[in-house]
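Okay, so here's the structure we're looking at.
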Amino acid sequence: MEEAARYCRLDEARLHDGKQGVYIRQKNLILLDSRLCGVQLRCVLAHEISHARHMDAGCRVDKWVERRADQEAALMLIDPMEYAYAETIYEGNVMGMARELNVLPWVVQAYRERLHDNPNLVVQ
């Protein structure tokens, strides 16, 4: 929550059309679905913080912007050493890793994509 305050205002409301969060550039606002809690809230907020950092225009502008937001959220939420541990213990099983890392499965997938894009991030 404090991280979001560095970039914009933060509020909650009941969102529709399957949206869990949205960054509204014109209002400098992250709006989160009021029904989110725990892990969902952390992950969606991190994704929207990425949009706020870059002042992205609109929701789901393009797949590259969404991919960047997912990957930046993953980097905010996952510690590299903890990821390496989870990868070993769960033998790459995304659901097990997500539970271990206290994130949603899409965050683990985004972290993997980031590792693929930048092999220097791999913990040896």
Side-chain angles (χ1 to χ4, degrees):
M1 303 284 179
E2 292 172 20
E3 180 74 10
R6 293 176 55 199
Y7 301 100
C8 63
R9 295 181 302 114
L10 181 62
D11 204 352
E12 293 183 6
R14 192 165 185 138
L15 302 180
H16 303 285
D17 300 327
K19 292 181 181 159
Q20 295 180 323
V22 62
Y23 169 66
I24 305 168
R25 182 175 161 183
Q26 297 82 352
K27 295 183 179 183
N28 197 33
L29 172 71
I30 291 175
L31 192 57
L32 298 172
D33 191 301
S34 58
R35 295 167 288 190
L36 296 178
C37 60
V39 174
Q40 287 179 311
L41 182 64
R42 286 180 63 240
C43 295
V44 173
L45 178 58
H47 176 95
E48 297 305 331
I49 286 171
S50 173
H51 286 310
R53 278 183 183 162
H54 296 281
M55 298 181 70
D56 293 334
C59 184
R60 300 185 193 267
V61 174
D62 63 46
K63 67 180 183 179
W64 305 112
V65 169
E66 292 303 315
R67 183 173 189 252
R68 182 199 66 219
D70 285 350
Q71 289 183 3
E72 288 184 1
L75 292 175
M76 282 184 244
L77 298 170
I78 295 177
D79 175 88
M81 293 299 287
E82 291 175 5
Y83 178 87
Y85 172 79
E87 181 81 44
T88 301
I89 296 301
Y90 292 96
E91 298 177 342
N93 178 280
V94 172
M95 295 303 288
M97 292 174 66
R99 278 192 304 275
E100 179 73 26
L101 297 167
N102 199 29
V103 297
L104 296 174
W106 64 261
V107 177
V108 173
Q109 287 296 116
Y111 195 85
R112 282 184 173 169
E113 288 176 12
R114 184 66 179 196
L115 288 177
H116 180 269
D117 292 349
N118 186 353
N120 293 327
L121 296 175
V122 174
V123 174
Q124 308 260 335

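No experiment lies behind these values; they were computed from the predicted model shown. FYI, side chains are in, hydrogens and waters are out, and symmetry mates aren't considered; it's all heavy atoms of this structure. Residue indices begin at 1 and follow the sequence shown.
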Between Arg42 and Leu77, the two heavy atoms sitting closest are NH2-CD2, 3.4 Å
Counting C-beta onward and ignoring hydrogens, is there a side-chain heavy-atom pair between Arg114 and Leu75 closer than 4.5 Å?
yes
With a 4.5 Å heavy-atom cut-off, do Ile78 and Val107 have their side chains touching?
yes
Go through the steps for Asp56 and Arg68 under the test salt bridge (charged side-chain N to carboxylate O under 4.0 Å, His left out), then give the verdict.
CA-CA 11 Å; Asp56 293 334; Arg68 182 199 66 219; 2.4 Å; yes
Between Arg112 and Val94, what is the shortest heavy-atom contact and its length?
NH1-CG2, 3.3 Å
I'd like to check Asp70 versus His47 (side-chain heavy atoms, cut-off strictly below 4.5 Å). Are they in contact?
yes
What are the two closest heavy atoms between Tyr111 and Pro80, and how far apart are they?
OH-CA, 3.4 Å
Lys19 vs Asp17, test: salt bridge (charged side-chain N to carboxylate O under 4.0 Å, His left out). Steps then yes/no.
CA-CA 6 Å; Lys19 292 181 181 159; Asp17 300 327; 5.1 Å; no
Per side-chain contact (heavy atoms from CB on, under 4.5 Å), Asn93 is matched among Glu91, Met95, Met97 by Met95
State, to 0.1 Å, how close Gly21 and Glu48 come at their nearest heavy-atom pair, and which atoms those are.
O-OE2, 3.1 Å
Are any of the side-chain heavy atoms of Leu32 and Leu45 separated by less than 4.5 Å?
yes
Are more than 12 heavy atoms from other residues, nucleotides or ligands located less than 6.0 Å from atom OH of Tyr7?
yes
What are the two closest heavy atoms between Leu15 and Arg35, and how far apart are they?
O-NH2, 2.6 Å
Check: Arg25 side chain, His51 main-chain N or O, donor-acceptor pair, under 3.5 Å:
no
Could you pull out the closest heavy-atom pair between Asp79 and Met81, with the gap in Å?
OD2-N, 2.9 Å
Give a yes-or-no answer on whether the side chains of Ser50 and Glu72 include a donor-acceptor pair shorter than 3.5 Å.
yes
